[in-house]
Amino acid sequence: MPELPEVETIKRGMAAALLGKSISNMRVNRYDLRIPIPQDFAKRLMGKTITKLERRGKYIIMHMGADIVAILHMGMSGRINIFPVGIEYAAQKHDHVVFNMDDGTCFAYEDPRRFGMLYLADKDWRKAKRFAFMGVEPLDDWSGADLFESLKNKKASIKSALLDQRVVAGLGNIYVCEALFRAYINPTRRSNSITKEEAGKLVKHVRDILEESIKSGGSTLKDYKHTDGSLGYFQHGFAVYDRAGKSCPNKDCASNILRIVQAGRSTFYCSSCQK
DNA sequence: AAGTGGGCCTGAGAGC
DNA sequence: TGCTCTCAGGCCCACT
């Protein structure tokens, strides 16, 4: 499941392979993603040059020429498969859009579960609701005081709050579980019970874990691969995620990792270490 | 009015 | 072995 580090890794792969190249041909195989691809999608992008790639939360923003941006979200199972010059395009069953670039590079947007989205916007893309209310980028200027401020009036659990993209952008279930473990904070705590000091710790651990994961090329769960098909390595480092019933990684702790459901999503934690 | 939970979707894995 | 069933979860939106 692509969270911030995976999306960042994909964006870097795309930047290295695609920047400055123009679309010479493209094909839409399926329009009915969760948000339908507009019918004139290909027509509007044909001939456009990829001038800039950026990431906001879990979205990739592809600047296409001067005034069109293509907004890309990988949902749960989305991938970008890039085929450099000399490597033949190998079609996947769920390649919804295939782009051919002017130098012979080809790339495909693949998403079996179709939870992702791909749409066009203009220079004002940040004004769309999903970006206008999006929270801070955790790797930018983000302090414990900032997090404390956004939590102090919230009653929802700290787990739910960290998943809320309006509080902080880019975190998903895996990294939230891991960061709460590292900060020794119980995921069922109410947001407004988190102290300034704890908020500071959380910010530090969220940033650490995201940076470590980006360094190792993102996590690899069943759905995630790099743009060249290789795997990331960070998943070997999970302390709690998907480890229900296994022993707590802390040597001096005899407890097992628990799995509970919060707001419809699995939470993994150690009830002895996380207070 | 903030918080919760259903719906979307397919493939992997479990269980019989 | 091969089938069926359950579960995974990011985001949107309806409901309370």
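Note on naming: letters A, B, ... go to the chains in the order of the sequence lines (proteins, then strands), and numbering restarts at 1 for each one.
Distances shown here put a side-chain N or O of A:His94 below 4.0 Å from the OP1 or OP2 atom of B:dG11. Listed pair A:Ser266 / C:dG9 meets the phosphate criterion, a side-chain N or O lying under 4.0 Å from OP1 or OP2. Residue A:Lys154 has a polar side-chain atom (N or O) positioned under 4.0 Å from OP1 or OP2 of B:dG3. A:Lys93 has no side-chain polar atom (N or O) that falls below the 4.0 Å cut-off from OP1 or OP2 of B:dT10. Here A:Tyr241 does not reach the OP1 or OP2 of C:dA8: none of its side-chain N or O atoms lies under 4.0 Å away. Contact annotation: A:Gln165 does not reach the phosphate of C:dG10 (side-chain N/O to OP1 or OP2, under 4.0 Å). Not one side-chain nitrogen or oxygen of A:Arg34 sits closer than 4.0 Å to the OP1 or OP2 atom of C:dC11. The shortest distance between the side-chain N/O atoms of A:His73 and the OP1/OP2 oxygens of C:dG10 is not below 4.0 Å.
Taking the side chain as every heavy atom from C-beta outward, A:Gln165 and A:Lys58 approach each other to under 4.5 Å. Using a 4.5 Å heavy-atom threshold, the side chains of A:Tyr269 and A:Leu258 count as touching. Two residues are said to be in side-chain contact when any heavy atoms from C-beta on lie closer than 4.5 Å; A:Val261 and A:Arg259 meet this criterion. Contact annotation: the side chain of A:Met134 approaches that of A:Tyr59 to within less than 4.5 Å [non-hydrogen atoms, C-beta and beyond]. Contact check for A:Lys275 versus A:Ile185: no side-chain heavy atoms found under the 4.5 Å cut-off.
Using a 4.5 Å cut-off between side-chain heavy atoms of Ile, Leu, Val, Met, Phe, Trp and Tyr, with links allowed through other members, A:Phe148 and A:Val206 fall into different hydrophobic clusters.
Closest contact between the side chain of A:Ala156 and the listed nucleotides C:dA8, C:dC12, B:dT4 involves B:dT4. Nearest nucleotide to the side chain of A:Lys129, out of C:dC12, C:dC13, B:dT4: C:dC13.
Remark: C1' of C:dC11 and CG of A:Asp111 are 13 Å apart, rounded to the nearest angstrom. Nucleotide C:dC12 holds its C1' atom 13 Å from the CG atom of A:Asp164, rounded to whole Å. Regarding A:Arg79, its CZ atom lies at a distance of 16 Å from the P atom of B:dT10, rounded to whole Å. The CG atom of A:Asn173 sits 5 Å away from the P atom of C:dG9 (whole-angstrom rounding). Rounded to a whole Å, the CD atom of A:Glu6 is 11 Å from the P atom of C:dG10. For the pair A:Leu163 CG and B:dG5 P, the interatomic distance rounds to 14 Å; values are reported in whole Å. Separating the CZ atom of A:Arg30 from the P atom of B:dT10 is a distance of 6 Å, rounded to the nearest angstrom. Rounding to whole angstrom units, CZ of residue A:Phe115 and P of B:dC9 are separated by 8 Å.
Judged by closest nucleotide on DNA chain C, A:Gly264 is the one of A:Gly264 and A:Ile35 placed further toward the 5' end. A residue-by-residue look at A:Phe268 and A:Tyr59 shows that A:Phe268 has its nearest nucleotide of DNA chain C further toward the 5' end.
In this model, no side-chain donor or acceptor of A:Arg265 finds a partner on the base of C:dA8 within 3.5 Å.
Using a 4.0 Å heavy-atom criterion, one finds that A:Arg114 contacts the sugar-phosphate atoms exclusively.
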